[in-house]
Amino acid sequence: MTDTTVKALVYAECLDGKLRRVALEALGAARLLAGDGGSVHAVLVGGGPGAALQEAAAELAARGAGVVHVVDDPALAGFAPEAYAAAIGAAVAAAQPSIIVLGHTAAGRELAPRVAAGIGGGHVADVTAIEPGGDGGAAALLTRPLYAGKAFEQRRFLPGAPQVITVRPNNLPVAEPVAPGGEGWIAALPYQAPPLWTVVRGIARKAGGTVDLAEADVIVAGGRGVRSPEGFAPLAALAEVLGGAVGASRGACDAGYCDYALQIGQTGKTVTPKLYIACGISGAIQHLAGMSQSRVIVAINKDPEAPIFGVADYGIVGDLFEVVPLLTQRFRTLFNKTG
Amino acid sequence: MQLVVLIKQTFDTEEKIELANGAVAEDGVKFIMNPYDEYALEEALRLREAHGGSVTVVSCGTDRATETLRTALAMGADEAVLIAQDGLPDDGSAVAAVLATAVRELKPDLVLAGLFAVDRGAGSIALQVAERLGLPSASAVLKLSVEDGGGAAGGQAASRASWGGGDGRIAVAERDTEWGVETVAIPLPALITAQQGLNEPRYPSLPGIMKAKRKPLRQLGAAELGLDAAALAPRTERASLLPPPARAAGRKLSGAPAEQAEQLAELLQREAKLF
Ligand SMILES: Cc1cc2nc3c(=O)[nH]c(=O)nc-3n(C[C@H](O)[C@H](O)[C@H](O)COP(=O)(O)OP(=O)(O)OC[C@H]3O[C@@H](n4cnc5c(N)ncnc54)[C@H](O)[C@@H]3O)c2cc1C
């Protein structure tokens with residue numbers, strides 16, 4: 001009865017030498033899709049000092065990856081998509097999975113289409129929920145947003161098509177640890193780097209917040225109401241106390257108060273944190289599209305008629321420059337007391 | 001320099017989405033050029049202004065997409081190609097197969113596309129096209145230039161485009177990633193996807209709109225590209241279409257600012273069980 005076929009392969013993404021949480025969410029998704037009997041492999045890709053792949057590999061093995069293929073090669077020190085795609089390709093050749101799962105991140109969004117086109121598969125992107133298909137052979141239903149969340153669709157793969165799936169960070173549960181003794185094993189995967197196209201000339205690290213917007217549990221977002229780049233300072237202070245990230249409306253980006261990288265909405269990032277605090281954001285339809293799936297929404301706005309209150313669980317009609325520092329203070333005291 | 005821009009017509013971002021009979025209702029909806037594709041087109045026009053050459057816009061869509069292609073021509077594109085979506089399955093890989101074939105015939109030095117389309121939001125098709133054509137790519141580009149040199153001389157592998165092209169030049173791109181703004185150099189022919197912030201797209205001028213009427217807009221069926229059924233076979237299908245889950249009505253907190261802050265912290269802890 002032992003089924004030795006590998007059902008699913010997970011691309012376990014690392015950032016700054018650490019396994020990202022979305023990698024464990026992708027592993028959870030892969031285990032769900034593979035079902036009870038199906039085995040799941042993972043591939044870890046990196047190179048050079050600081051890659052720290054062994055620690056990440058151990059964590060994956062402890063959380064249900066039957067085999068963790070480690071590709072450690074100097075060609076993978078910088079993110080050359082062709083080199084990373086080839087590393088995933090080597091793992092696909094070794095494991096022969098029918099399903100490949102990646103995070104819907106900057107790297108995953110780049111790699112998944114290449115992997116899918118390379119093996120003649122389909123790509124279902126930005127998956128926020130999964131209904132496994134069960135043993136009867138029915139295909140799993142993959143829920144994903146349309147129009148940045150103004151609607152949703154469920155897609156399924158057609159029989160025989162190799163399946164490539166990217167899962168949106170922060171939406172699916174992480175893979176739980178397996179019972180002691182059930183850990184997978186870790187194997188170095190032979191890899192021949194392809195001729196490299198991409199030369200990484202430099203990286204300008206983002207200033208300030210280190211918490212990534214897509215993965216943040218808490219987002220404190222500012223709009224045109226913050227009035228200046230300096231106006232973001234109280235928001236950053238609140239985000240720091242809450243362990244969150246700072247985001248923005250397009251209004252704030254267009255006004256030059258912050259980088260477009262922070263923009264949330266239909267033409268920016270779609271986010272689903274546990275807590276979203278909108279400060280001085282009116283709630284235009286394009287903005288709502290990108291954040292209205294957050295678990296809890298708080299709006300702070302001077303204008304009681306602002307549409308943002310229509311999606312907010314808790315609204316405060318008031319001046320953000322007054323309310324936000326008070327909130328920061330309040331949480332600071334609370335957290336000092338309790339923890 | 002031969003520049004090709006992939007363009008999709010999408011709903012205006014102001015539009016609400018109404019579902020009717022298992023589909024998104026399109027009655028009375030205003031359609032626009034996908035905002036990210038506007039950045040791609042603007043960048044192509046600027047590259048043509050700097051380096052010479054021509055800009056061809058390519059779309060896979062319904063007849064209605066001719067309006068968007070005319071807008072692209074009015075902005076300054078030289079030619080447009082519309083491949084009929086009619087008869088193609090509702091699946092990204094089929095569209096990628098069609099676009100890749102059309103792009104190959106145009107022998108571009110650089111292909112530009114938007115980071116994603118604001119309707120489907122997958123951001124997959126352009127990169128599938130790059131993979132199918134053997135093109136290097138840089139995604140989410142915030143700044144772009146085309147330069148001489150680098151390439152083979154710099155130990156950089158050549159693009160695998162079957163038509164040659166690129167003249168040994170490279171694209172230098174700053175791209176938006178989760179690990180910072182990364183500067184990369186890739187050999188041409190290549191594909192880039194445009195991120196917001198790349199440029200400020202121009203509006204079509206009145207003379208531009210007049211000229212656009214006479215510019216070539218070719219309409220093709222997918223069959224005319226000589227693709228076989230296997231290439232066009234769908235890999236996925238839509239099983240259902242759903243409205244977003246409704247949100248329960250919220251409440252506004254009252255009192256002086258300090259009281260509101262206190263209440264909110266309390267509610268987030270006790271009621272929403274967040275901290
Ligand atoms: C093609 C297209 C795509 C777009 N995509 C996006 C997108 O992805 N994301 C996005 O966000 N927008 C997007 N927009 C823009 C969107 O339509 C709105 O213009 C934008 O969201 C408004 O930003 P805002 O809420 O910060 O500014 P405003 O609408 O100007 O609102 C500012 C708010 O701040 C409040 N305020 C002012 N001072 C204070 C204070 N001291 N304390 C408390 N409140 C205060 C005001 O009452 C007001 O409600 C897009 C637009 C277009 C045309």
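Order of the sequence lines sets the chain letters (A, B, ...), proteins ahead of strands, with each chain counted from 1.
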Answer with side chain, backbone, both or neither: which region of B:L198 has an atom nearer than 4.5 Å to a non-hydrogen atom of chain A?
neither
For chain B, find which of A:Q154, A:R144, A:R295 contributes the most heavy-atom pairs closer than 4.5 angstrom.
A:Q154
What part of B:V129 lies closer than 4.5 angstrom to a heavy atom of chain A: side chain, backbone, both or neither?
neither
Proximal component of B:P35, with respect to chain A [non-hydrogen, under 4.5 Å]:
side chain
Find the distance between CG (A:L102) and CD1 (A:I165) and round it off to the nearest 0.5 Å.
9.5 Å
Taking every non-hydrogen pair under 4.5 Å, which of A:A148, A:G265, A:G121, A:G149 racks up the most with chain B?
A:G121
Please look at A:F309 and chain B and tell me whether the side chain, the backbone, both or neither of the residue comes under 4.5 angstrom of a heavy atom of that chain.
side chain
Okay, B:R120 and chain A: the region with an atom under 4.5 Å from a heavy atom over there is both
For chain B, the option from A:L196, A:D259, A:L141, A:V124 that forms the most heavy-atom pairs under 4.5 Å:
A:L196
Measure B:L264 against the heavy atoms of chain A and call it side chain, backbone, both or neither at under 4.5 Å.
side chain
Sort B:T236 into side chain, backbone, both or neither according to what part of it lies under 4.5 angstrom from a heavy atom of chain A.
both
Measure A:S294 against the heavy atoms of chain B and call it side chain, backbone, both or neither at under 4.5 Å.
backbone
Tell me, with the steps shown, if A:D254 and A:Y260 meet side-chain hydrogen bond (donor to acceptor under 3.5 Å, both in side chains).
CA-CA 8 Å; A:D254 280 346; A:Y260 279 110; 2.5 Å; yes
Examine whether an atom of B:A140 lies under 4.5 Å from a heavy atom of chain A, and if so say whether it belongs to the side chain, the backbone or both; otherwise answer neither.
neither
Atom group of B:T10 that falls short of 4.5 Å from chain A, counting heavy atoms
neither
One option among A:S292, A:G318, A:G310 has the most heavy-atom pairs under 4.5 Å with chain B, and it is A:S292
Side chain / backbone / both / neither for A:F157 at chain B, heavy atoms under 4.5 Å
both
Which atoms of B:A265 approach chain A - backbone, side chain, both or neither, heavy atom under 4.5 Å:
both
Engaged part of A:R20 at the chain B interface, taking heavy atoms whose separation is under 4.5 Å
side chain
Most chain B-contacting option - heavy-atom pairs closer than 4.5 Å, from A:A161, A:A117, A:P113, A:G122
A:P113
Contacting moiety of A:P194, where chain B heavy atoms sit under 4.5 Å
neither
Under 4.5 Å to a heavy atom of chain B? For A:V298 that would be side chain
Under 4.5 Å to a heavy atom of chain A? For B:E15 that would be backbone
Any donor-acceptor pair under 3.5 Å from A:N301 side chain to A:D303 backbone:
yes
Answer yes or no: is there a side-chain heavy-atom contact under 4.5 Å between B:P187 and B:P136?
yes
Indicate yes or no for a side-chain donor-acceptor contact from A:Q293 to the backbone of A:T272 under 3.5 Å, with no hydrogens or angles considered.
no
When you look at A:T105 and A:E13, which way does the side-chain hydrogen bond (donor to acceptor under 3.5 Å, both in side chains) test go after all the steps?
CA-CA 9 Å; A:T105 59; A:E13 184 180 345; 2.6 Å; yes
Which one, A:D126, A:T198, A:V323, leads in non-hydrogen pairs under 4.5 Å with chain B?
A:T198
What part of B:R175 gets within 4.5 angstrom of chain A, counting heavy atoms only: side chain, backbone, both, or neither?
side chain
Under 4.5 Å from any heavy atom of chain A, what part of B:D90 do you find: side chain, backbone, both or neither?
both
Do the side-chain N and O atoms of A:T267 and A:Q263 include a donor-acceptor pair separated by under 3.5 angstrom?
yes
Contact part of A:I297 toward chain B, heavy-atom cut-off under 4.5 Å: side chain, backbone, both or neither?
both
For the backbone of A:A261 and the side chain of A:K269, can you confirm whether one donor and one acceptor N or O come within less than 3.5 Å of each other?
yes
